[in-house]
Amino acid sequence: GYAPEQPVPYSHALHVGELGLDCRYCHNTVEQTAHAAVPPTETCMNCHQRVKTRSPKLEPLRASAASGKSLAWKKVHDLPDYVYFDHSVHVRNGVGCVECHGRIDTMDVVFQHETLSMGWCLDCHREPEVHLREPAQVTNMLYQAPASETRLVQGQKLRAENDINPPLDCSTCHR
C-alpha cells in the first residue's frame, strides 16, 4: 500500500486508463534493461507544451523544463539494494505489468500493490504459468486468455514453447 507523494500528481487512471497511453511510452527502457526508466521531463512536455499549460498542478513540471533540473520522482516499487530484478527478462517473457503493479490504469495515486517479498517472487518462479501471456500483451491491463483456453492452459503452452524456466537459486536475485 506504500504510496509516496510525488512532485507532480500524475494520475495513471487518467493517462493509462482514460487516454490509453502504453506503459512503454514513459517507461521506455522496460524491454531492454533491468530498470523501467522514470520518464524525463521532456517526455511529459511532449503533451504538456500544449495540454493543461496553465494548470497549477503542473508548475513543478514547467519549472523542471525551464531549468533543465529533473523532477525528483519517488520510487514506489523500491526493492532493497541487495535484490536484483530485471524488468526486461520478465517483460520479454510475457509477464504482464499488472502481475506485479496491479491495475495501474485505475490508480489516481500509484501504490505498491504486491508485497514484493522473496516468498511472493519465489511463488511466481515456481509456478509462472498463470502470470504468462503473449509478450505483445504485457501492457494490456484487461488481458484475458483466448476463449478456447484458460490463463493456466495458455501459460503452460507459452512456458513450454518458449522454454521458460525461472531460476530458483539465490544468486538469481541476490548478486
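Smallest separation of non-hydrogen atoms from Ala36 and His87: N-ND1, 3.7 Å. Taking every heavy atom of both residues into account, Arg151 and Leu132 meet most closely at NH2-O, 3.6 Å. Between Val110 and Ala3 the shortest heavy-atom distance is O-CB, 3.4 Å. Taking each heavy atom of Val76 and Pro4 in turn, the nearest pair found is CG2-CD, 3.8 Å.
For the atom pair CD of Glu127 and CD of Gln156, the computed distance is 10.0 Å after rounding to the nearest 0.5 Å. Rounded to the nearest 0.5 Å, atoms CD1 (Ile104) and NE2 (His27) are 7.0 Å apart. His125 contributes atom NE2, which lies 12.0 Å from atom CE of Met118 (distance to the nearest 0.5 angstrom). Between atom CG of residue Leu14 and atom CG of residue Leu21 there is a gap of 8.5 Å, rounded to the nearest 0.5 Å. One finds the CG atom of Asn165 at 10.5 Å from the CG atom of Asn162 (value rounded to the nearest 0.5 Å).
For residues 42-58, the set of pairs meeting the side-chain hydrogen bond (donor to acceptor under 3.5 Å, both in side chains) definition, not counting sequence neighbours, comprises Tyr25-Asn46. Sorted by first and then second residue, the salt bridge (charged side-chain N to carboxylate O under 4.0 Å, His left out) pairs involving residues 159-175 (not counting sequence neighbours) are Glu129-Arg159. Applying the ring-ring contact (aromatic ring centres under 6.0 Å, His included) test to residues at least two apart or on different chains, the pairs with a partner in residues 140-175 are Tyr82-His174. Counting only residues at least two apart or on different chains, the side-chain hydrogen bond (donor to acceptor under 3.5 Å, both in side chains) pairs with a member in residues 101-115 are Ser11-Asp108, His77-His101, Arg103-Asp105, Glu114-Trp120, Thr115-Ser117.
Other residues, nucleotides and ligands place more than 12 heavy atoms under 6.0 Å from the CD atom of Gln32. At most 12 non-hydrogen atoms from other residues, nucleotides or ligands lie less than 6.0 angstrom from NE2 of His35.
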Steps toward side-chain contact (heavy atoms from CB on, under 4.5 Å) verdict (Tyr84, Leu79) | CA-CA 8 Å; Tyr84 176 78; Leu79 296 172; over 6 Å; no

Given Val98 and Arg133, is the side-chain contact (heavy atoms from CB on, under 4.5 Å) satisfied, shown in steps?
CA-CA 11 Å; Val98 71; Arg133 59 183 73 190; 3.3 Å; yes

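Residues satisfying the side chain to side chain contact (heavy atoms under 4.5 Å, CB included) test with Cys23, not counting sequence neighbours, are Cys97, Thr139, Met141. By the salt bridge (charged side-chain N to carboxylate O under 4.0 Å, His left out) test, Glu31 pairs with Arg24, sequence neighbours left out. For Arg62, the side chain to side chain contact (heavy atoms under 4.5 Å, CB included) partners at least two apart in sequence or on another chain are Leu58, Glu59. Residues forming a ring-ring contact (aromatic ring centres under 6.0 Å, His included) with His90 (at least two apart in sequence, or on another chain): Phe85. Residues meeting the side chain to side chain contact (heavy atoms under 4.5 Å, CB included) test with Pro135, sequence neighbours left out: none. The salt bridge (charged side-chain N to carboxylate O under 4.0 Å, His left out) test applied to Glu149 returns Lys157, not counting sequence neighbours. Listed by chain and residue number, Arg126 satisfy the salt bridge (charged side-chain N to carboxylate O under 4.0 Å, His left out) test with Asp123 (two or more places apart in sequence, or in another chain). Taking the salt bridge (charged side-chain N to carboxylate O under 4.0 Å, His left out) definition, one finds that Lys75 meets it with Asp78, sequence neighbours left out.
Residues Pro128 and Val95 are not in side-chain contact: their nearest non-hydrogen atoms beyond the backbone lie 4.5 Å or more apart.
Panel note: side chain Ser70, backbone Pro40; no donor-acceptor pair is recorded below 3.5 Å.
Linking Ile, Leu, Val, Met, Phe, Trp and Tyr whenever their side-chain heavy atoms come within less than 4.5 Å puts Tyr10 and Leu61 in one cluster.
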